[in-house]
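First comes the structure, then the notes that go with it.
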Amino acid sequence: MIGRILDALAGRVSAADAVVKTDDTLTLSISAEGDTRVSGARSQVSHLRVARQGRIGFASTSEDASSDLVGRAMSGAASGEELELFLPAPAPLPSVVTRAPQAAAADAAVLHGLARALYERLSRTDRRVEAWAERSTGAVQVANTRSVLAGYDVSLAGVGALVESISAESAPPCRIHCAGVALPTLLDVELLVDEVSRRLDPPIVERAVALFDLPLCLGPRAAATLLRPLRAALTGYEAFLGRSPLRGRLGEQLFDGKLTLSDDPTAPGRPGSRPVDDDGVVSRRVMLVEAGRLAAFASDLLVGARAQVPSTGHGWRLPHAAPRVGLTNLRMQPGAESREALLGAMGRGVLIEDLDWGAGANPLPGTIALRAPWAYLVEGGTIRGRLEGVVVSGNVFEALNQIVAVGSDATWVGSQELPSLVVKGLSLVRDR
Amino acid sequence: MKSRILDALGRSRAGYTELRLRRVWCTTVLVRGRSVEVATAAVESGGMVRTCSPGTGWGMVGFSGTERLDVPVLQAHEFSLAGASRLPVTLAPIAVRQHEAATHLDDDPREIRLTEKRQRAEVLAAALFGLDRRVVSGRILLRDEVVETWLATSEGTWIHDLRSEVSVAALAIAEEEGNVERALGSIGQRGGWRAAAGAELLVLGVASRAIERLHATPARPGRYTVVMDPAAAGALAHRAVSHLARPALPGADPDVLPIGTRVGPECLSVGDDPTAEGLRASSICDDEGTGTRRTPLVQNGVVVGHLHNRETAATTGHAPTGHARAGALRGAPHPRATNTYLAQGTGSFDDLIGGIGTGIYLADTLAAEAAGDQVSLRAGSARMIRNGRLAEAVKGVHISAGILALLGRVDAIAADFSWDTQNASCRDGSAGVVPVTTGAPHLRLVDVAVGEGSS
């Protein structure tokens, strides 16, 4: 298919690249009543980008008609952006684990075993539980008119649950999941069960507890939400040419020296792992922040061409959308202290396990006022109970310049590997 | 296509089989600053097959393309046998409907050249930047979409429909003496290429709001009487009522407002009307082939109805309301809101604000979200109300409160009902994204906490 697409363009364009992605997803879900449901989805999407007479055009299709795709991309180029695009040449690909045969072959019975294990471990008389397990398998092919022809097989498997406490002291529904290229293990299931207990079991602490000036520890899930402004500021057009507060500040010491962040598409078996990006650029680990110093932004070929910088291999083609820049696997370098040691060192403080980003907030300026439905009062290293109605506010970029400690408990949350963080510079307030 | 769909359906060994196929043509032009950044065309086709048999649960298979439709039909049956249901699937009966409406589209966007669409987007961008030199950056996103749908069931339902819509979204960023403010807005109109002919007004409005915000002061957190414009009131009705007046969706918050619950004062009536003419979420039948109907959800402050698909209707002993909507090309239909309305009351906008000493007028909602029993609204623009009149612009207006507590603070509703024309969509749990419209008059609430960490 991909060869047919590029063959049809021979002699008609100055450059072109194409991506074909296939996916076969199988999902098994268990309802709160214990019913099991199996569903599947198969898709194939072809993306084509052409450069013709100095302009760029895109098209995509889920149909098997390459001539139609070519015609629409050519039409797009007649109206597209004026830009000189430099496509990569063939290069050796790194060896990256993107597929696990066992996950790719998992059938409904295997998924049922996983989902059922989690469902039964979480079920209690005072809880309402929905659980699911899913695996997808597919392939990615990338090619361009400079003879790049690369491909890799992928699998992704996950298990998760939505748990609602129906006791008198009710908490909001708790969503947990884990995912990776390989099938989750029973150990992964137990870690999720432990997390639910940590979040749901503590009693509610009186609202009268004063929060002012208490130190704040963010668990890995909360840290993933907190870093959203940083991810936006490090990525794509906004970073190089737009309104990122970090724009033009490469090389500067902008954050606390304890912050080291990289984006690593070569991490084995994670959701963002891949040997080559969707522009045909070979994957490599990119240091974004090194001991607090801003080291790099993420770009793809298009943003690179606009900003006159090389691509960092962060090109993505998503179904029926224009090419975009995105991180792959974001990894924060862990510290030396365990989570228990972090909590113990806080004295009296607040642990936040998860944050609710909410609606409509623009992440780029870094100013936040986020609800923290999973906040806990900690005294002497011990969790005393859950705090209701807590809002975390402040500026994320300023807080990342005031990191007190980084935990050794780096945990994968989707495609991010993050440890617990103790930070200053964020305020805890109660809603009214 | 009809014979291929019916042939595939005929190969099913399941008791009930439903095949939905869609083909979507869409073009997108993005102008960032004054330069076209993206001009793209996409065609996507695919759908979903669902089957169930006596004693089995659902088997569902999503697929892309239009080839080999018999494969997902057979696979869905296998999946239905693999599921284990405590109770077999029961579907409420519906009238079998044969509806062929895929006639020629007037002003078909597919017949407009991409060059013309690009020029249109550039004209709108020029209008955005032309209003005031303080508009330093911005974006125009012009999008059109034509959707052809085929739906066939083993009960004999046959639906074939063709529709189009055009949307424009604008972002303006204004800057003055280091102060940077932004404003967003969109319109989405069902119809042909000229349906969004009035987009200049939208663009100028967005640019004006960004300018206005340069001199807006942060709203002082506190408790206020709040008047919402129709767009904000409609968003509140959608998020606080429609999302909870239907059975729980997979992966969504499981809270449901039971029928008979008092959620607000006598003046509060909310419903959902997929039959409203010409709106983006309107249709004569839903994604299961059920005829749509206007469904009251809250009448005089009390929950009186829920949105249903055939399965939830049968489970609860109600009639299907025609609200089964698939949130993705390859997604299953779930009961979802379409055009949610807050019924109008009496009096004018001036009557609502007339007696307010100090209050806040909340307009242009940026976002409305609910989590658990909490709802939050973030204003795109807002003004103080002083001595019964609109006064200075304020920013940072954010309401976050318990749903029932907030609805209980509804105090008065005006008679100036209007449907909102924003290009709005609704995401709910893992049930996907559907286009929605809201309609409401101005709404007044008393003693509402506004600002950071409000409740």
Side-chain angles (χ1 to χ4, degrees), chain A residues 25 29 31-45 57-64 68-69 72-73 75-76 78-82 108-109 112 128 130 132 162 164 172-173 175 237 242-243 319-322 356 358-362 369 371 373 389 391 393 429-432, chain B residues 26 28-30 32 35-46 57-67 72 75 79-80 82-87 113-115 117-118 137 173 180 182 223 250-251 253-254 330 332 366-369 371-372 374 376 378 398 400 449 452-455:
Chain A
T25 297
S29 52
S31 72
E33 292 74 33
D35 295 348
T36 307
R37 182 169 287 190
V38 185
S39 60
R42 287 184 176 168
S43 65
Q44 173 176 306
V45 182
F58 308 99
S60 65
T61 187
S62 56
E63 301 190 338
D64 195 18
D68 187 38
L69 180 69
R72 282 185 291 105
S75 166
S79 300
E81 183 180 13
E82 287 183 53
H112 183 260
R128 180 185 182 278
E130 296 174 20
W132 53 266
L162 184 149
E164 187 186 29
R175 291 181 170 82
Y237 179 91
R243 309 205 68 84
H320 311 292
D356 179 7
N362 174 24
R371 301 174 61 80
V391 173
S393 65
V429 294
R430 291 279 203 179
D431 57 17
R432 284 174 292 273
Chain B
C26 104
T28 304
V29 180
L30 171 65
R32 194 197 293 265
S35 307
V36 170
E37 189 173 294
V38 172
T40 181
V43 178
E44 189 177 12
S45 58
W58 283 114
M60 296 185 272
V61 173
F63 58 94
S64 70
T66 60
E67 305 299 316
Q75 196 177 25
F79 286 169
S80 80
S85 281
R86 185 177 48 89
L87 293 170
R113 291 169 59 89
L114 199 52
T115 314
K117 293 173 181 175
R118 171 194 166 137
S137 183
I173 298 173
V180 178
R182 39 188 263 149
R223 301 196 84 90
D253 288 347
R330 292 178 282 277
L366 271 184
E369 259 201 6
Q374 297 285 309
S376 66
R378 195 181 296 267
H398 180 223
S400 180
E452 195 177 75
S454 58
S455 182

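With sequence neighbours excluded, the residues that form a salt bridge (Lys or Arg N to Asp or Glu O under 4.0 Å) with R42(A) are D24(A). S35(B) meets the side-chain contact (heavy atoms from CB on, under 4.5 Å) test with no other residue; sequence neighbours excluded.
For chain A, the option among G46(B), C26(B), G65(B), A41(B) with the highest count of heavy-atom pairs below 4.5 Å is A41(B). In terms of non-hydrogen atom pairs under 4.5 Å with chain B, the most contact-rich of A108(A), A32(A), A59(A) is A59(A).
Taking 4.5 Å as the limit, some side-chain heavy atom of Y237(A) sits within range of a side-chain heavy atom of R32(B).
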*Please step through salt bridge (charged side-chain N to carboxylate O under 4.0 Å, His left out) for the pair E44(B) and R330(B), ending with a clear verdict.*
CA-CA 11 Å; E44(B) 189 177 12; R330(B) 292 178 282 277; 3.7 Å; yes
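Closest of all the heavy-atom pairs between S400(B) and R371(A) is OG-NH1, 2.9 Å.
Interface remark: V180(B) contributes side-chain atoms only to the contact with chain A (heavy atom separation under 4.5 Å). Neither the backbone nor the side chain of L30(B) comes within less than 4.5 Å of any heavy atom of chain A. Contacts of T66(B) with chain A are made by side-chain atoms alone, with heavy-atom separations under 4.5 Å and no backbone atom involved. Contacts between Q75(B) and chain A at a heavy-atom distance below 4.5 Å involve the side chain alone, from C-beta outward. Using a 4.5 Å cut-off between heavy atoms, S29(A) makes no contact with chain B at all. For R113(B), no part sits under 4.5 Å from any heavy atom of chain A, backbone or side chain.
No hydrogens or angles considered: nothing links the side chains of E130(A) and S31(A) as a donor-acceptor pair under 3.5 Å.
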